[in-house]
Amino acid sequence: MEPTRLPSLAGKDFLSLADLTKEEFAGLIASAIQLKADWKRGVRPAPMQHKTLAMFFEKQSLRTRTTFDVAMAQLGGHSVLLSQDYIGLGVRETVRDVANNLSRWVDGIMARTYEHDKLLQLAEHATVPVINGLSDYLHPCQLVADYISLTETFGDLAGLKLTYVGDGNNVANSHVNAAALAGVHLTVACPPGYEPDAGVLAAARERGGSITIAHDPRAAVRGADALYTDVWISMGMEEDTARRKRDFTGYTVTPEWFADLAPRGVFMHDLPAHYGEECTEECVYHERSIVFDQAENRLHAHKAVIFQYLAEP
Ligand code: CP
Ligand code: NVA
């Protein structure tokens, strides 16, 4: 049987988890888990038959690019890959013109941009749904996959303790949104000045999110069910490398830290990893690591996003 449709999402843009209700987020995760199980037992539905997704990348990607492509193929459709070199979004042609052209040919646009505003412009002008494949501000698709992995690992998520150690970046901002939606207690441990976005924090707290900001990473991981980290130098921040490496001294996660987690505690990372900076390679390949489950679940997350936002009922 097809996963339950979430009619309130159909035809909308998927730009931020903050746009979802708790029920929609839970439904998205549940439909991803069902699509994954169905696929593994040989069910081959094709709700995207004869449909096309344009995938635009302004910066590099392994997971997002591959898994959206595979997701479209597994749902019976196909994708077109566009890079900034190919189309010159906002350079060769205005964002508005690109959005209007693509809307005449494809059924959805997944885009990875530097400025979040470019994504908002695309969404404003496109008449088909736009999916955020990462911007400097947010990475919602990653958190859908991560919450599939957390559900598979722990079952019920309410009351789970997750500590994010590192930069208050796009991934951290989406963590704040996701925790508020799922009732997860999130602690973000970062050096002063590297907190997640103040507006994202305020909105998440307003909707009941339990979010703590801490500046002692070792203390923050004590008793946590999941320890999550991400790069200190996100794509586009390369010029700031020296300062960041200095400011994040003491934030390199090693397997020794895992002894302080809850007995069932796991290690998570969205990848790519910069070994020797936010964590060592041993963390990713440790028995506590669920990093490659997270990577696998990008595929199932994206199938659910495509199914709920793009597929016609
Ligand atoms: N985690 C993630 O988004 O990976 P890519 O940058 O390879 O897509
Ligand atoms: N924060 C990282 C995430 C990569 C998936 C970056 O933006 O480079």
Side-chain angles (χ1 to χ4, degrees), residues 14-17 32 53-72 79 81-84 109-119 131-150 164-178 188-191 194-197 200 226 228-241 244-245 247-248 251-253 267-279 283-284 289-306:
F14 181 59
L15 300 175
S16 168
L17 292 176
L53 177 72
M55 307 196 299
F56 167 71
F57 288 91
E58 215 174 26
K59 38 193 176 187
Q60 291 182 319
S61 170
L62 170 67
R63 280 148 291 275
T64 308
R65 181 249 183 278
T66 309
T67 55
F68 264 106
D69 196 357
V70 175
M72 279 301 286
S79 65
L81 179 63
L82 307 167
S83 74
Q84 182 63 349
I109 301 167
M110 188 279 293
R112 168 170 290 195
T113 60
Y114 284 100
E115 300 92 17
H116 189 69
D117 186 58
K118 231 178 203 180
L119 207 59
I131 298 167
N132 181 353
L134 180 148
S135 68
D136 283 1
Y137 179 49
L138 295 168
H139 196 4
C141 289
Q142 178 67 48
L143 267 291
V144 177
D146 296 340
Y147 272 61
I148 298 169
S149 308
L150 288 169
Y164 174 97
V165 173
D167 186 23
N169 58 17
N170 43 10
V171 172
N173 286 337
S174 287
H175 262 291
V176 171
N177 287 332
V188 176
C190 58
Y194 291 92
E195 292 81 5
D197 181 82
V200 171
Y228 197 117
T229 190
D230 182 32
V231 293
W232 301 337
I233 298 134
S234 286
M235 291 179 279
M237 294 179 179
E238 290 77 12
E239 280 183 9
D240 203 21
T241 296
R244 285 175 167 266
K245 282 191 178 174
D247 291 349
F248 280 95
Y251 279 79
T252 304
V253 178
F267 174 74
M268 303 177 75
H269 194 308
D270 51 295
L271 300 178
H274 294 172
Y275 293 134
E277 293 181 20
E278 77 277 6
C279 68
C283 292
V284 168
S289 165
I290 59 165
V291 168
F292 296 106
D293 298 320
Q294 293 173 254
E296 178 188 342
N297 284 329
R298 295 298 301 280
L299 170 61
H300 310 294
H302 299 164
K303 284 174 79 170
V305 168
I306 292 165

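Start at 1 and go down the list; that is how both ligands and their atoms are numbered.
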Can you list the ligand 1 atoms lying under 4.0 Å from a non-hydrogen atom of [X]?
X: Leu62; answer: 5 (P), 7 (O), 8 (O)
X: Asp270; answer: 1 (N)
X: Arg298; answer: 1 (N), 2 (C), 3 (O), 4 (O)
X: Ser61; answer: 5 (P), 6 (O), 7 (O), 8 (O)

So if I count the atoms of ligand 2 from 1 in the order they appear, which ones are less than 4.0 Å from some heavy atom of [X]?
X: Val231; result: 1 (N), 2 (C)
X: Asn170; result: 1 (N), 2 (C), 6 (C), 7 (O)
X: Leu271; result: 5 (C)
X: Leu134; result: 3 (C), 4 (C), 5 (C), 7 (O)

For the residue pair [X] and [Y], establish whether any side-chain heavy-atom pair is separated by less than 4.5 Å.
X: Pro196; Y: Tyr164; value: no
X: Leu134; Y: Gln142; value: no
X: Ile233; Y: Lys245; value: yes

Side chain or backbone of Asp136 under 4.0 Å from ligand 2, or both, or neither, by non-hydrogen atoms? neither

Proximity to ligand 2 by part of Thr64, non-hydrogen separation under 4.0 Å: neither

Out of [options], whose heavy atom sits nearest [atom]?
atom: atom 2 (C) of ligand 2; options: Ser234, Gly166, Ala273; answer: Ser234
atom: atom 3 (O) of ligand 1; options: His269, Lys59, Gln294, His139; answer: His139
atom: atom 6 (O) of ligand 1; options: Arg112, Gln60, Met235, Arg65; answer: Arg112

Quick look: Leu271 vs ligand 1, heavy-atom contacts under 4.0 Å, and the answer is backbone

Paired with Ser16, the side-chain contact (heavy atoms from CB on, under 4.5 Å) test is passed by just one of Asn132, Asn173, Leu138, namely Leu138

Residue from Leu17, Val200, Asp197 passing side-chain contact (heavy atoms from CB on, under 4.5 Å) with Val176: Val200

Residue, atom name and distance, where the atom is the protein heavy atom closest to atom 4 (O) of ligand 1: Arg63 NE, 2.8 Å

May I ask you to identify the nearest protein heavy atom to atom 8 (O) of ligand 2, giving residue, atom name and distance to one decimal place in Å? Met235 N, 2.8 Å

Whether [X] side chain and [Y] backbone form a donor-acceptor pair below 3.5 Å:
X: Tyr251; Y: Cys190; answer: yes
X: Ser135; Y: His116; answer: no
X: Asn297; Y: His300; answer: no

With nothing but distance in play, are any N or O atoms of His139 less than 3.5 Å from an N or O of ligand 2? no

Got an N/O contact under 3.5 Å between Asp270 and ligand 2? no

Contact summary for Leu143 and Val171, nearest pair of heavy atoms: CD2-O, 3.9 Å

Determine, stepwise, if the pair Cys283 / His269 fulfils side chain to side chain contact (heavy atoms under 4.5 Å, CB included). CA-CA 9 Å; Cys283 292; His269 194 308; over 6 Å; no

Working to the nearest 0.5 angstrom, can you tell me the gap between Ser61 OG and Arg112 CZ? 4.0 Å

